[in-house]
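Have a look at the structure below before the remarks.
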Amino acid sequence: MDALIDVNYDSEDKCIYLYLINKVLKERDFKPYFYVDATTKEINDFLSNDDNKNLLNYVENLESVRKIIINSNLNDSKNRIIERNFTKITVRYPKDVPKLRVLKELGEIYEHDIPFTKRYLIDSDIIPTTYYNNFEDKNRRTIINNNLPELKTISFDMEVYCEGREPNPEKNPILMTSFCSKDLKKVITYKPFKHKYMELVKDESELIKRTIDILKDYDIIYTYNGDNFDFPYLKRRAENLGINVFFDKTGNDDKKTEIGKKTKTQKHKQKIKISRGGIHLRSYIPGKVHIDLYPIARRTLNLTTYKLEDVSYELFGVHKLEVGHQNISNLWNNMDKNLVEYSFQDAYYTYKIGEYFLPLEVMFSRIVNQTLFEVSRMGSSQMVEYLLLKHSFKNNFLAPNRPSNREYQKRLREYYEGGYVKEPIKGMHENIVSMDFRALYPSIIISYNISPDTIDCKCCEDMSEKILGHWFCKKRIGLIPMVLRNLIERRKTIKKILKEKDTEKKELNSKNNKYYNEYYKLLNYEQKSLKILANSHYGYMAYPRARWYSKECAEVITHLGRTYIQKTIEEAEKYGFKVIYADTDGLYAVLNENSDKKTLLNKTYEFLNKINEKLPKDMELEFEGYYKRGIFITKKRYALIDENDKITIKGLEFVRRDWSNIAKKTQKAVLEILLKEGNVEKAKNIIKNIITDLKNGKIDKKDLIIYTQLTKDINEYKTTAPHVEVAKKILKKGGRLNIGDVIGYIITSGNKSISERAVLPEDAKDYDTSYYIDNQILPPVLRIMESLGISKDELRNVDKQITLEGFLME
DNA sequence: AAATCCGCCCTATTT
DNA sequence: GTAAATAGGGCGGATTTA
């Protein structure tokens, strides 16, 4: 029983290492290759040329093969897909491929930039993190089951001495490391702190050695920002102290075999490799799965800030002990045992977050067919791309190339129309129903067979009606619709199983055994990952760096989307609904004549049945929800309350990070009163009280902080903005900043510009009361009041804040 | 000279 | 490093007002 957890090309051994749980296999048969649009003769001639003689050494084999290529020139009168011969060039080593790219002088080269280990997973039939029988024998290899493999997981965190703002690995030592796993809780350090999880070692060198010793026996290592901090720091410290860092599992070296036969033992393969991935680093250890939870949290959750503490609170609702980086040195010097507790809590919550995200990542890894390490660092578009590469390979297609920089720049400038948004009927509404299309874009893609390899195919030109001047093949299913259909069908099956299990559970009304729970949970994760991937295909086709980019396809999809929602609005109105608001794939409506909830719901279901009969079979308009009340302010900004008094807020300041907490709290309180009771006077009172508190300095500093993200390098900003000015101050103090960092600041008093008065919360001596009243508290609540028909004049006679306050304070 | 308007840049949301 | 549609703050130059 074996399961693959990592794949690495060993450049010393010149072959692929397949890391299974507790076993390493070598794959020597698989060689790097790519394709050239030229004949073997042309290539042979080119390579026998004296200038290119050295290139010939790299080539292991030339072979003419039939492949299907997508003709991306839509104006071309040839077919959309063409099957013809290309030359497949197999080389000795991965690094030979870049050298042979000069062959593009002879004709376009294809699939020359797919990393070798990823290529291996595309071409092989191995699904990562899945149990197989007879793994070592390619012909007898069979999947046992879909259970989650028993992976040994551990979290790891490090504390470092820090004098200034940033620790310096040349000077500042590692103070302690902490770990958490199912059966291990430990903090290692070289000062005798008192704590139940403490392990004392002699010095930093021993600390590092002991740390490696612990980690090497685990399969998965969770960190929080380990990519950019813990591992690079650990590596550098170890180098400076002259320590060799190898993560080879105890006993692994004895079990290394060729596929089939035994070979000499080999050690010292698994060391930390730091590589650049865009602006960030990646810390990889061959054979281990390092999962950095920080980027996953950033991608998956929507929070103001993404400190470990914020994420723990979001996921588990617990506040963990927090220590500022600068305070670590103090705690260390004073032998404060809180440092140990803090360090352990970091490891503990990192572990919990890791276990929380792992199943979903495992599912992505299986579906996309790439390693956990890679998949946990991919965005949804990259996952779609690898999924498509897999299916492209299976169907004998040549994958389109990634765009050149020029092509990318060109694509960036291509705009097209998106979803339809109806101007809302502003103000308060009651008895509201909402309906939306289930997976609108994916279902359109499938229904119309929209794909770069089916658009405007010559074979179907005459028999097709044109959509924005385009049509799609009727004879052959396109690559993207095919992949999408697979995902959606599998998801449907899972949903059905889950539903059956659910009713079964209810009928039995009994406690479930463990197997049932695990099975159920896992299917639920699979279902979630399938949904995410399905929903990413439209965005993928419109993504300028995509191989299967097609602006035309994306344009047709949104066009059809607009048509369907507009048609639905029209039908709803004919049916006796008043549509209050609609955005892209869904709408909110009330009945024209006054009615109770029951009448409304009955009518809604009648309407849905009627509409769904007319829709293509893969498309469906669904009931989404019923709401007692709702306030609609503008497009993309509204709030609703359901029967359980649950409030949903969309787009308003309350859900945005770039507003102070006090402004958000006030808006929420006002909305709550208006939605629950419709009492305008009470709402005014809330505002009045907050303003009084603000004036009396009763507001907690934390509630005044405004958070804004840096979205580019500080020098690229063309305008002065508060968060940019604060960022400059941070840099001046010796701090480091990255693109994507979130800056928090408070506006202090004075009469200079707002940007000049923005300071870091820790530096704020006071705050500008009138700024917070005029620019933070009032605008968000006034917009709501105004939408209810309470004119600004009613609230403020002249435009001075003093007068408005006067009105509120009466 | 001050107040106001407006376009631009920028961020963050919704779908 | 999925897309477009959208609102709204702050800045700074242009325009209007006194």
Side-chain angles (χ1 to χ4, degrees), chain A residues 277-280 295 298-299 302-304 377-385 388 402-403 408 411-412 414-424 434 436-437 439-442 532-551 553-555 557-559 561-562 565 581-588 624 633-638 648-660 663 706-712 716-725 739-740 742-743 747 752-758 771 774-776 779-780 782-783 799-800:
Chain A
I279 52 166
H280 298 289
R298 296 257 337 212
R299 272 204 308 271
N302 183 16
L303 306 176
T304 309
R377 282 158 182 79
M378 284 181 188
S380 50
S381 237
Q382 269 175 300
M383 290 201 269
V384 169
E385 185 142 300
L388 292 175
R402 294 219 298 258
Y408 171 67
R411 289 178 182 184
L412 271 182
E414 293 183 326
Y415 293 103
Y416 63 93
E417 211 177 323
Y420 169 73
V421 189
K422 182 183 152 69
E423 188 65 48
S434 79
D436 57 17
F437 282 95
L440 178 67
Y441 289 170
I532 292 170
L533 288 171
N535 284 334
S536 304
H537 280 70
Y538 152 74
Y540 175 80
M541 282 193 269
Y543 171 45
R545 287 197 201 277
R547 289 175 187 270
W548 282 271
Y549 171 85
S550 173
K551 182 212 133 194
C553 288
E555 201 169 22
I557 296 165
T558 58
H559 169 84
R562 288 193 301 278
I565 190 71
Y581 176 60
D583 185 348
T584 312
D585 65 350
L587 59 84
Y588 293 91
E624 192 274 335
I633 320 276
T634 56
K635 286 177 175 180
K636 308 217 184 256
R637 292 162 67 85
Y638 56 93
T648 311
I649 302 176
K650 298 285 184 183
L652 298 176
E653 288 75 5
F654 176 73
V655 298
R656 295 178 62 101
R657 111 166 109 212
D658 53 355
W659 284 83
S660 62
I706 299 162
Y707 293 96
T708 314
Q709 192 181 193
L710 284 176
T711 58
K712 48 185 143 191
E716 283 177 47
Y717 281 92
K718 291 174 186 165
T719 52
T720 37
H723 71 296
V724 181
E725 295 309 302
I739 296 169
V742 177
I743 313 283
I747 306 298
K752 289 188 275 184
S753 75
I754 292 163
S755 291
E756 286 171 283
R757 287 186 281 131
Y771 172 83
D774 272 353
N775 298 39
Q776 290 283 321
L782 286 182
R783 277 190 277 272
D799 3 45
K800 286 283 183 202

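A note on names: the letters A, B, ... follow the listed sequences, proteins ahead of strands, and every chain is numbered from 1. Worth knowing before you read on, the calculation uses all heavy atoms, side chains too, and leaves out hydrogens, waters and symmetry mates.
Within 4.0 Å of Gly418(A), counting heavy atoms only, lie sugar-phosphate atoms of the nucleic acid but no base atom. Using a 4.0 Å heavy-atom distance criterion, Asp436(A) is classed as making no nucleic acid contact. Using a 4.0 Å heavy-atom cutoff across all strands shown, Asn535(A) reaches no nucleic acid atom at all. Among the protein residues, His537(A) comes within range of no part of the nucleic acid, since none of its heavy atoms lies under 4.0 Å from any strand. Within the nucleic acid shown, Tyr771(A) comes within 4.0 Å of sugar-phosphate atoms alone, with no base atom in reach, counting heavy atoms only. Lys551(A) comes within contact range of no nucleotide atom at all, as no heavy-atom separation falls under 4.0 Å. As judged by a 4.0 angstrom heavy-atom cut-off over every strand, Trp659(A) is placed among residues touching the sugar-phosphate backbone only. Among the protein residues, Ser755(A) comes within range of the sugar-phosphate backbone only, with heavy atoms under 4.0 Å from sugar or phosphate atoms but none that close to a base. Residue contacts shown for Gly651(A) are limited to sugar-phosphate atoms, with no base heavy atom under 4.0 Å away. Looking at heavy-atom distances under 4.0 Å, Arg637(A) makes contact with sugar-phosphate atoms alone, never a base. No engagement by Tyr420(A) is indicated, since no non-hydrogen atom pair under 4.0 Å with the nucleic acid exists. Residue-level contact check: Ser536(A) touches neither bases nor backbone, having no heavy atom under 4.0 Å from any strand. The residue Lys636(A) sits close to a base: some heavy atom pair falls under 4.0 Å. As judged by a 4.0 angstrom heavy-atom cut-off over every strand, Tyr638(A) is placed among residues touching the sugar-phosphate backbone only.
Proximity of a side-chain donor or acceptor of Arg562(A) to a complementary backbone N or O of Gly418(A) within less than 3.5 Å is detected. No donor-acceptor pair closer than 3.5 Å links the side chain of Arg547(A) to the backbone N or O of Leu388(A). In this structure, the side chain of Arg757(A) does not engage the main chain of Ile747(A) through any donor-acceptor pair within 3.5 Å.
With dG10(C), dT6(C), dC10(B) as the candidates, the nucleotide lying closest to the side chain of Lys712(A) is dC10(B). Of the candidate nucleotides dT14(B), dA12(B), dG1(C), dT14(B) has the atom nearest to the side chain of Asp583(A). Here dT14(B) is the nucleotide among dG8(C), dT14(B), dA5(C) with the atom lying nearest to any side-chain atom of Lys650(A). Side-chain proximity of Pro544(A) to the nucleotides dG9(C), dT2(C), dT11(B) is greatest for dT2(C).
The side chain of Arg299(A) contributes no N or O atom lying less than 4.0 Å from OP1 or OP2 of dT2(C). An OP1 or OP2 oxygen of dG9(C) is reached within less than 4.0 angstrom by no side-chain nitrogen or oxygen of Asn775(A). Residue Tyr540(A) places none of its side-chain N or O atoms closer than 4.0 Å to OP1 or OP2 of dG1(C). Between Ser381(A) and the phosphate of dG1(C), there is no side-chain N or O to OP1/OP2 separation shorter than 4.0 Å.
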Write down the protein N/O and nucleotide N/O pairs, taken from nucleotides 12-14 of chain C, whose separation is under 3.5 Å; answer none if there are no such pairs.
residue, atom, partner, partner atom, Å
dG12(C), OP1, Thr720(A), OG1, 2.9

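Taking the six-membered ring where tryptophan is involved, the planes of Trp548(A) and Tyr540(A) are tilted, since the angle between them lies from 30° to 60°.
Closest approach of Gly561(A) to Tyr441(A), counting heavy atoms only: CA-CE2, 4.4 Å.
Taking atom CD on Glu716(A) and atom P on dC9(B), their separation rounds to 14 Å, with Å as the unit. Whole-Å rounding puts the Met541(A) CE to dT2(C) C1' distance at 11 Å. Atom P of nucleotide dG10(C) and atom OH of Tyr717(A) are separated by 16 Å, given to the nearest angstrom.
When each of Tyr538(A) and Lys422(A) is assigned the nucleotide of DNA chain C with its nearest heavy atom, Tyr538(A) is the one assigned upstream, toward the 5' end.
Between Asp583(A) and Lys635(A), the closest side-chain pair of non-hydrogen atoms is not below 4.5 Å.
Around atom NZ of Lys718(A), no more than 12 heavy atoms belonging to other residues, nucleotides or ligands sit under 6.0 Å away.
Note: Ser536(A) OG to Glu385(A) CD = 13.0 Å, rounded to the nearest 0.5 Å. Taking OH from Tyr420(A) and CG from Leu587(A), the interatomic distance works out to 10.5 Å, rounded to the nearest 0.5 Å. The CZ atom of Arg545(A) sits 10.5 Å away from the CZ atom of Arg411(A) when rounded to the nearest 0.5 Å. Note: Arg377(A) CZ to Arg299(A) CZ = 9.0 Å, rounded to the nearest 0.5 Å.
With hydrogens and angles ignored, a donor-acceptor pair closer than 3.5 Å exists between the side chain of Gln382(A) and the base of dG1(C).
Taking a pair as Watson-Crick or G-U wobble with both distances under 3.5 Å, DNA chain C forms stems of 3 or more consecutive pairs at B:1-15 with C:3-17.
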